[in-house]
Amino acid sequence: MVNHLLRLPSVTPSLRCSLPPIGDMESEKELMNEAKRSVNFRLCRVSGSMTEVMEIQAESPKYHVLFIPGNPGVVSFYNDFLESLHQFLDGNASITAVGQISHTSKDWESGKLFSLQEQIDHKVEFIRQELESVKVPIILVGHSIGSYISLEILRKCPEKVLYCIGLYPFLTLNQQSTKQSLIGKLAASSLLSATASFLVASLGLLSMSAARRLVSYSLGASWSDTAVQATCTHLRQYHTMRNVLYMAMTEFRELAAEPDWEFMRENQSKLAFLFGIDDHWGPLHLFEEISKKAPGTSLSIESEGHTHGFCCTVAGSVWVAQHVATLIKTRLNQKRL
């Protein structure tokens, strides 16, 4: 069996999550083509804010997966991941992905900017408004800063959440990252943020076909059609880029503090994190620190070459979806014992 986990000598063997083999590319293609359920897109208002939601409803769900995106918090980036996850869970889960406020294709909020805390409150209210009547357990899955948001949801709704999975988690600042330092300085300046957002929004003058060609050429042929389309429809909007950078500014302020290790220890049996080998948002020294401070947490490292932006490729979406499905099935089996 192929072991997709990079083994670090400083990590306790019991913490390692051993993943099943993905199989060859032909098997993956066959899986992707087997009567896949498509996600449904809808808009709803949560605390007065228009919200983009993508979902797949199971006929008789055994649990409900709530997915929280990163930043940019554009749910359509995760289309391939959500469909693959539903398939790997054998259709036993309803899945809902809720976008960040004003990371939308239309400026529903008239230019208002939303902080990290407001985005967290928005997700908690979404659960109360949309999932209050759900009788099956809720499993949180968050990507990047969505992992931090998921921990805060767990803190505020402990009775509703069975399990919390963080993918390439951004939980605290990485002082060793030059990229983070540069992004932090850009986000902290209103002038630079506005200028950068205006420059990106100027691409909106291009036709959709021209924009797609430009994005595909600049970002590489590996990007999926889904990711290219999401970039062209959402990230060419001035209000979206301003909100992406404003949220980032508040993230850098909030995450300057140490993670709440006491809370993570208290909930370690409910937590799982997937790290990348070369990910400055979720560096491996954070992986090791979690293994020491909250040793009951399920930890694993992806070593297949998929990046922090796994959702931008079909291969990354499929691999991470299978990993998440494996974690969920393992957790549910442990719950039955």
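Residues Q176 and P283 form no side-chain contact, since every pair of their non-hydrogen atoms from C-beta on lies 4.5 Å or further apart. Side-chain contact between F198 and Y238: present, with at least one pair of heavy atoms (C-beta onward) separated by less than 4.5 Å. Within the 4.5 Å cutoff, the side chain of S102 has no heavy atoms near those of the K112 side chain. Side-chain contact between Y163 and V141: absent, with no pair of heavy atoms (C-beta onward) separated by less than 4.5 Å. At a threshold of 4.5 Å between non-hydrogen side-chain atoms, the residues H103 and E52 do not count as touching. In this structure, T178 and H280 have side chains that are not in contact, with every pair of non-hydrogen atoms separated by 4.5 Å or more. Looking at heavy atoms from C-beta onward, E251 lies in side-chain contact with N71 at the 4.5 angstrom threshold. No side-chain heavy atom of N243 sits under 4.5 Å from any side-chain heavy atom of Q100.
S218 places a side-chain N or O within donor-acceptor distance of the main-chain N or O of V215, the cut-off being under 3.5 Å. Using a distance-only test at 3.5 Å, with no hydrogens or angles considered, a donor-acceptor pair links the side chain of K329 to the main chain of F88. At least one donor-acceptor pair closer than 3.5 Å links the side chain of S202 to the backbone N or O of L199. Here the side chain of T104 pairs a donor or acceptor atom with the backbone of K106 at under 3.5 angstrom. Panel note: side chain T172, backbone P259; no donor-acceptor pair is recorded below 3.5 Å. For E109 (side chain) and M50 (main-chain N/O), a donor-acceptor pair under 3.5 Å exists by modelled atom type. Side-chain N or O atoms of R236 include one that pairs as donor or acceptor with a backbone N or O of L206 at under 3.5 Å. Under the 3.5 Å distance criterion, the side-chain polar atoms of K160 are matched with a main-chain donor or acceptor of L131. Formation of a donor-acceptor pair under 3.5 Å by the E302 side chain with backbone atoms of E304 is found in this model. In this structure, the side chain of E55 does not engage the main chain of S94 through any donor-acceptor pair within 3.5 Å.
More than 12 non-hydrogen atoms from other residues, nucleotides or ligands lie less than 6.0 angstrom from CZ of F41. More than 12 heavy atoms of other residues, nucleotides or ligands sit less than 6.0 Å from atom CZ of R212.
Between W281 and H308, the ring planes are tilted. Angles from 30° to 60° get that label. Using cut-offs of 30° and 60° for the angle between ring planes, the F81 and Y78 rings count as perpendicular. Using cut-offs of 30° and 60° for the angle between ring planes, the Y168 and F310 rings count as parallel.
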Evaluation steps, side chain to side chain contact (heavy atoms under 4.5 Å, CB included), between L151 and N267: CA-CA 10 Å; L151 285 175; N267 293 275; over 6 Å; no
Steps toward side chain to side chain contact (heavy atoms under 4.5 Å, CB included) verdict (M54, S76): CA-CA 8 Å; M54 295 181 75; S76 52; 4.2 Å; yes
Full working for side chain to side chain contact (heavy atoms under 4.5 Å, CB included) between F126 and I153: CA-CA 11 Å; F126 179 86; I153 295 173; over 6 Å; no
Working for side chain to side chain contact (heavy atoms under 4.5 Å, CB included), residues F67 and L85: CA-CA 11 Å; F67 179 77; L85 180 59; over 6 Å; no
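If you take OG on S291 and CG on L299, they are separated by 6.5 Å, rounding to the nearest 0.5 Å. Note: I68 CD1 to I145 CD1 = 12.0 Å, rounded to the nearest 0.5 Å. In this structure, the separation between CG on L332 and OH on Y63 is 5.5 Å, given to the nearest 0.5 Å. Considering NZ of K62 and CG of L89, their distance stands at 11.0 Å, rounded to 0.5 Å. In this structure, the separation between CD on Q322 and OG on S84 is 10.0 Å, given to the nearest 0.5 Å. Annotation: the span from M249 atom CE to S193 atom OG amounts to 8.0 Å, rounded to 0.5 Å.
In the hydrophobic cluster analysis, where Ile, Leu, Val, Met, Phe, Trp and Tyr join through side-chain heavy atoms closer than 4.5 angstrom, I95 is grouped together with L43. Hydrophobic clustering (side-chain heavy atoms under 4.5 Å, transitive across Ile, Leu, Val, Met, Phe, Trp, Tyr) groups L171 together with I277. Residues V161 and I149 are members of one and the same hydrophobic cluster, defined by side-chain heavy-atom contacts under 4.5 angstrom among Ile, Leu, Val, Met, Phe, Trp and Tyr. One hydrophobic cluster, built from ILVMFWY side chains closer than 4.5 Å, holds both V228 and V75. The hydrophobic clustering, which links ILVMFWY residues whose side-chain heavy atoms are closer than 4.5 Å, places I183 and L286 together.
For E262 and R265, the salt-bridge test fails: no basic side-chain N is under 4.0 Å from an acidic carboxylate O.
Using a 3.5 Å distance cut-off with no hydrogens or angles, the side chains of Q268 and T297 do not pair a donor with an acceptor. There is no side-chain donor-acceptor pair under 3.5 Å between S317 and D80. No hydrogens or angles considered: a donor-acceptor pair under 3.5 Å links the side chains of H122 and T51.
Between C164 and S150, the shortest heavy-atom distance links the atoms SG-CB, 3.6 Å. Here the closest non-hydrogen pair linking M241 and L235 is CG-O, 3.4 Å. Between A196 and L245, the shortest heavy-atom distance links the atoms CB-CD1, 4.3 Å. Nearest heavy-atom pair across S115 and Y246 is N-CE2, 3.6 Å. Contact detail for Q180 and F170: the closest heavy-atom pair is NE2-CE1, 4.0 Å. Closest of all the heavy-atom pairs between T250 and L116 is OG1-N, 2.9 Å.
T96 pairs with exactly one of H64, E130, Q57 by the side-chain hydrogen bond (donor to acceptor under 3.5 Å, both in side chains) rule, that one being H64.
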